[in-house]
Amino acid sequence: MSLENDIPPMNGQPAEIVIPADKSWRRIVAIVLRAVGYGIAGFILFTVLLVLLGRWLPPLRSSFMLLQRAEHGKKGQMHVRYHWVRWEAIPPHAALAVVAAEDQKFPHHFGFDVDAIALAQRENRYRRRPRGASTISQQTAKNLYLWPGRSYLRKGLEAYFTVLLELLWSKKRILHVYLNIAEFGPNIYGVDAAARAFWEKGATALTPHEAALLAAALPNPLRLRADRPSPYVLERAHQIENEMRQLGSSYLRDL
């Protein structure tokens with residue numbers, strides 16, 4: 001017989017059972033941990049499905065486009081130039097120019113350039129402007145799914161989405177999406193939109209020099225102009241063309 005049944009009722013009322021405080025806290029902690037676990041599992045499932053869809057479907061907009069429109073385009077005042085094109089519509093030298101300028105180890109790493117990260121950490125101690133070490137995979141993850149900034153949360157999510165891209169997409173798909181969503185000028189996204197805005201022609205007609213000019217503007221497309229290049233942009237484009245020749249026209253053939 002249980003101990004509860006041995007407790008006599010008082011005034012005809014059943015005795016109150018007191019739950020120890022430590023058991024109450026354990027129950028609350030268990031509920032919170034269960035809720036957190038469900039939240040993490042839901043987030044992982046949602047993001048995996050989101051990235052998996054991007055393996056085949058072109059994005060209607062990137063998060064950077066949506067954020068800029070929300071910030072500057074109230075009442076339709078800002079027009080985003082964005083035109084998705086197939087991989088076959090992007091000339092090989094345009095893809096090579098971006099890789100030569102931004103991430104020459106792109107075909108070989110798993111989303112992160114460890115050597116570039118270590119170099120940036122050493123040099124940024126003495127630089128007024130921090131040196132970047134983001135790969136094309138990281139930039140694609142950031143531009144497509146996240147927001148600008150340097151917070152630890154943003155960097156952590158960027159690393160997470162970068163791993164998902166590398167696991168679920170091919171290298172060719174990552175580069176294809178990047179070439180379509182990267183900002184090449186004020187509110188101008190993708191090589192085709194840039195070619196039409198700057199030279200009134202599609203991406204298929206870009207020359208190697210024009211592709212190098214576009215790649216030279218990538219670090220700061222709001223200040224560096226491919227259509228009206230400054231001496232710095234012209235010099236940087238010349239360096240990119242030299243690096244393109246060193247990499248060779250077949251460098252990206254096996255993506």
Side-chain angles (χ1 to χ4, degrees), residues 33-70 80-92 94-96 98-99 101-114 116-117 132-184 187-194 203 218 251-255:
L33 291 177
R34 189 179 299 114
V36 171
Y38 286 149
I40 293 174
F43 173 78
I44 292 174
L45 179 60
F46 171 76
T47 52
V48 167
L49 290 176
L50 181 66
V51 174
L52 196 58
L53 286 175
R55 179 174 178 173
W56 298 287
L57 300 177
L60 298 177
R61 290 287 188 274
S62 71
S63 66
F64 270 43
M65 297 179 207
L66 295 175
L67 288 170
Q68 282 201 358
R69 187 171 185 83
V80 172
R81 299 190 184 188
Y82 166 63
H83 183 224
W84 176 272
V85 291
R86 297 176 296 108
W87 174 260
E88 292 76 17
I90 301 174
L96 185 61
V98 168
V99 169
E102 296 289 296
D103 184 8
Q104 294 189 13
K105 296 182 180 179
F106 174 72
H108 311 297
H109 62 58
F110 188 74
F112 307 94
D113 188 341
V114 178
I117 293 172
S134 293
T135 63
I136 286 175
S137 301
Q138 289 175 272
Q139 293 180 54
T140 304
K142 178 184 68 176
N143 293 353
L144 191 56
Y145 300 116
L146 302 174
W147 63 92
R150 296 182 179 275
S151 68
Y152 288 112
L153 174 62
R154 210 298 311 279
K155 293 300 291 184
L157 289 173
E158 178 185 304
Y160 170 74
F161 276 103
T162 298
V163 171
L164 285 186
L165 290 182
E166 291 284 344
L167 287 173
L168 300 177
W169 293 9
S170 66
K171 286 286 189 179
K172 179 179 177 180
R173 180 62 175 178
I174 294 173
L175 184 56
H176 181 202
V177 172
Y178 179 73
L179 287 165
N180 272 290
I181 67 170
E183 188 174 14
F184 290 96
N187 307 323
I188 300 171
Y189 294 89
V191 290
D192 191 75
L218 277 173
Y251 187 64
L252 303 176
R253 184 174 297 169
D254 297 329
L255 289 183

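None of these values were measured; they are calculated from a predicted model. All heavy atoms count here, side chains included; hydrogens, waters and symmetry mates do not.
For the atom pair CG (Leu52) and CG (Leu167), the distance works out to 11.5 Å, reported to the nearest 0.5 Å. Rounding to the nearest 0.5 Å gives a distance of 11.0 Å between CD of Gln138 and CD1 of Ile136. Here CZ of Phe43 is found 9.5 Å from CG of Leu50. Values are rounded to the nearest 0.5 Å. Taken from CZ in Arg86 to CG in Asp192, the straight-line distance is 11.0 Å, to the nearest 0.5 Å. If you take CG on Leu179 and CD1 on Ile90, they are separated by 4.5 Å, rounding to the nearest 0.5 Å.
By the 4.5 Å heavy-atom criterion applied to side chains, Leu255 and Ser170 are not counted as neighbours. Residues His109 and Asp103 form a side-chain contact, since some pair of their non-hydrogen atoms from C-beta on lies under 4.5 Å apart. Using a 4.5 Å heavy-atom cutoff, the side chains of Arg173 and Trp56 are not in contact. No side-chain heavy atom of Val80 sits less than 4.5 Å from a side-chain heavy atom of Gln68. Within the 4.5 Å cutoff, side-chain heavy atoms of Met65 are placed close to those of Ile181. Residues Leu218 and Phe184 are in side-chain contact: their nearest non-hydrogen atoms beyond the backbone lie under 4.5 Å apart. You'll find the side chain of Leu144 stays beyond 4.5 Å of the side chain of Phe161, heavy atoms only. When side chains are defined from C-beta on, Pro59 counts as touching Tyr82, because their heavy atoms get closer than 4.5 Å.
Taking every heavy atom of both residues into account, Leu175 and Leu252 meet most closely at CD2-CD1, 4.0 Å. Nearest heavy-atom pair across Asn143 and Ala182 is ND2-CA, 4.4 Å. Minimum heavy-atom separation, Val85 to Asn180: N-OD1, 2.9 Å. Minimum heavy-atom separation, Tyr145 to Trp169: OH-CZ2, 3.7 Å. The two residues Ala203 and Pro91 come nearest to each other via the heavy atoms O-CD, 3.1 Å.
Checking side-chain atoms of His176 against main-chain N and O of Trp87 turns up a donor-acceptor pair under 3.5 Å. Side-chain atoms of Ser137 never come within 3.5 Å of backbone atoms of Thr162 as a donor-acceptor pair (strictly under, hydrogens ignored). Between the side chain of Tyr251 and the main chain of Pro107, no donor-acceptor pair closer than 3.5 Å is present.
No close placement of the Tyr178 and Phe106 rings is indicated, their centers lying 6.0 Å or farther apart.
Among pairs with a residue in residues 156-166, those fulfilling salt bridge (Lys or Arg N to Asp or Glu O under 4.0 Å) read Arg154-Glu158, Lys155-Glu158, Glu166-Lys171, at least two apart in sequence or across chains.
Open room surrounds CG on Leu60; 12 or fewer heavy atoms of other groups in view lie less than 6.0 Å from it.
For the residue pair Tyr160 / Thr47, a side-chain donor-acceptor distance below 3.5 Å is found, with atom types taken as modelled.
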